[in-house]
Amino acid sequence: MKVFRISNITAEFILKWTLFFTYLLFCLCGILQFELWSQVTHIWYSGRGDLSVMNNPHALRFYLVLPVFEISKLINVDYNYLFTILAPVLIYIAASCINKVVYYIAALTTKKQRLMSFSLIFSILCLVSFFMNGRIIFAILAASILLYISFFWKNLALSSIVFLFFLGLFFSSVSSGTLIVYLISFALTLFYYLLRIDVKMRVIILLSFVLFYVCIYPLLSMMFFKNVDFYGGGLTGFIQMLDHGFGAILVNDYGVVVKIYFSLIVLMSCFFIIAIFIIYKWLRLFMMLIFVALTGGLFGYSTMMMVIPSITALMCFCFICSLKLFHKSILM
């Protein structure tokens, strides 16, 4: 009697696509729905007008979802439904980027471990997606690409780094907060690696980086001051921006006890981050990305969601390591 066995590659392929199509089915059936946000739909219905990136702060995010509008018009399908179908693809790509990082830091040696890692990451992102709006998916994807760049910088060609950087930058343009957090996070990652390369290459990369930021500064300045002006302008407007995110605890009357509790959490988090920097040096990249995203989260909840890829990767890493230790204890 012949015994047919499913190879590890086939099993990995089947499980990955089973997870993907199950999530897609939820979207197709309307159990999970995403909608394009009002800023881009307003531009679509208003005849677009001036879509210069330097004059319209919503231009970049409109260009990001323009293919969805055009395809929906071409095939006569509601753009929100089309965007909902696109969401599983974006989640799958984000999960793949995060899984590559976990595979690297956890030194996953078997296909079973890698499959377990991907399944856990994809499931976490799917679960989180039930509680978020559509544009946060783009923010998570941008943060996932940045996480991938951060850990595979040495293994990637310069052209690949540049391509992935601009791809992530485009996805992060869904809001001014996510765009700024993305650029700051990339800058910190860049300086982290600049200290580990030869002086000649360091100067070339640094000059290119400074030139790029000089070119993009007018855009960032326009986006930032548009937000400040929207909340009243000046220092008052800047402080009122906190009301848009987790920083609302600081500017609103939540009571002295809540504010003290919040301050203690922040203080303890700082000590925790410092301890990790000292004890586990390889976690520096994670901590940098998490710290920047949480700081941005003070000004916007969608910006704070950029912390999800790093947190998910760390959770998966801890889970995999726990399983390894448990397996070793059984064998002893």
Side-chain angles (χ1 to χ4, degrees), residues 33-74 77-91 93-94 97 125 128-129 131-146 163-186 212-213 215-231 241 244-245 292-293 296-297 299-309:
Q33 296 179 340
F34 297 103
E35 295 182 353
L36 293 174
W37 50 105
S38 59
Q39 296 165 339
V40 293
T41 56
H42 174 73
I43 295 175
W44 176 252
Y45 285 118
S46 63
R48 305 189 188 183
D50 183 11
L51 283 180
S52 169
V53 173
M54 295 309 303
N55 295 327
N56 191 333
H58 307 308
L60 272 176
R61 61 200 73 167
F62 177 74
Y63 288 131
L64 180 61
V65 296
L66 181 58
V68 176
F69 283 118
E70 294 292 355
I71 294 173
S72 69
K73 182 181 178 180
L74 181 65
V77 173
D78 180 62
Y79 52 73
N80 285 324
Y81 184 71
L82 197 62
F83 181 54
T84 300
I85 296 173
L86 176 65
V89 179
L90 302 179
I91 292 290
I93 297 172
C97 291
L125 294 185
V128 171
S129 69
F131 306 96
M132 65 188 185
N133 58 46
R135 67 175 175 177
I136 292 179
I137 294 178
F138 286 114
I140 290 175
L141 179 56
S144 300
I145 292 173
L146 181 61
F163 171 75
L164 289 172
F165 165 71
F166 280 105
L167 183 64
L169 182 68
F170 191 42
F171 287 133
S172 71
S173 65
V174 288
S175 79
S176 53
T178 54
L179 180 66
I180 292 171
V181 164
Y182 181 88
L183 287 170
I184 293 174
S185 299
F186 182 81
F212 169 75
Y213 271 75
C215 293
I216 203 173
Y217 173 76
L219 174 63
L220 298 177
S221 178
M222 182 268 292
M223 287 183 166
F224 176 77
F225 285 107
K226 282 273 186 180
N227 281 319
V228 173
D229 291 339
F230 178 80
Y231 284 95
M241 282 172 61
H244 187 58
V292 175
F299 301 93
Y301 292 109
S302 60
T303 305
M304 187 170 64
M305 292 301 103
M306 293 187 77
V307 78
I308 289 176

For Phe163, enumerate each residue passing the side chain to side chain contact (heavy atoms under 4.5 Å, CB included) test, keeping only those at least two apart in sequence or located in another chain.
-> Leu167

Residues passing the side chain to side chain contact (heavy atoms under 4.5 Å, CB included) test with Val68, sequence neighbours excluded, are Leu36, Tyr79, Leu82, Phe83, Leu86

Taking the side chain as every heavy atom from C-beta outward, state whether [X] and [Y] have any pair of such atoms under 4.5 Å apart.
{"X": "Ile85", "Y": "Val77", "result": "no"}
{"X": "Trp44", "Y": "Phe62", "result": "yes"}
{"X": "Arg61", "Y": "Phe138", "result": "no"}
{"X": "Met132", "Y": "Met305", "result": "no"}
{"X": "Phe171", "Y": "Ile137", "result": "no"}
{"X": "Asp78", "Y": "Ser72", "result": "no"}

Looking only at non-hydrogen atoms, find the nearest pair between [X] and [Y] and report the distance.
{"X": "Ala94", "Y": "Ile140", "result": "CB-CG2, 4.5 Å"}
{"X": "Pro309", "Y": "Ser144", "result": "CG-OG, 3.4 Å"}
{"X": "Ile184", "Y": "Tyr213", "result": "N-OH, 4.3 Å"}

From [atom1] ([X]) to [atom2] ([Y]), nearest 0.5 Å:
{"X": "Thr303", "Y": "Ile136", "atom1": "OG1", "atom2": "CD1", "answer": "9.0 Å"}
{"X": "Ile71", "Y": "Leu66", "atom1": "CD1", "atom2": "CG", "answer": "9.5 Å"}
{"X": "Asn80", "Y": "Phe34", "atom1": "CG", "atom2": "CZ", "answer": "11.5 Å"}
{"X": "Leu183", "Y": "Leu146", "atom1": "CG", "atom2": "CG", "answer": "9.5 Å"}
{"X": "Leu74", "Y": "Glu70", "atom1": "CG", "atom2": "CD", "answer": "8.5 Å"}
{"X": "Ser38", "Y": "Ile43", "atom1": "OG", "atom2": "CD1", "answer": "10.0 Å"}

With sequence neighbours left out, which residue pairs that include part of residues 174-186 fulfil the side-chain hydrogen bond (donor to acceptor under 3.5 Å, both in side chains) condition?
-> Ser175-Thr178, Ser176-Asn227

Look only at the side chain of Tyr63 and the backbone of Phe170, and say whether a donor-acceptor pair between them is shorter than 3.5 Å.
-> no

Under 6.0 Å between ring centres, would you say that holds for Phe212 and Phe186?
-> no

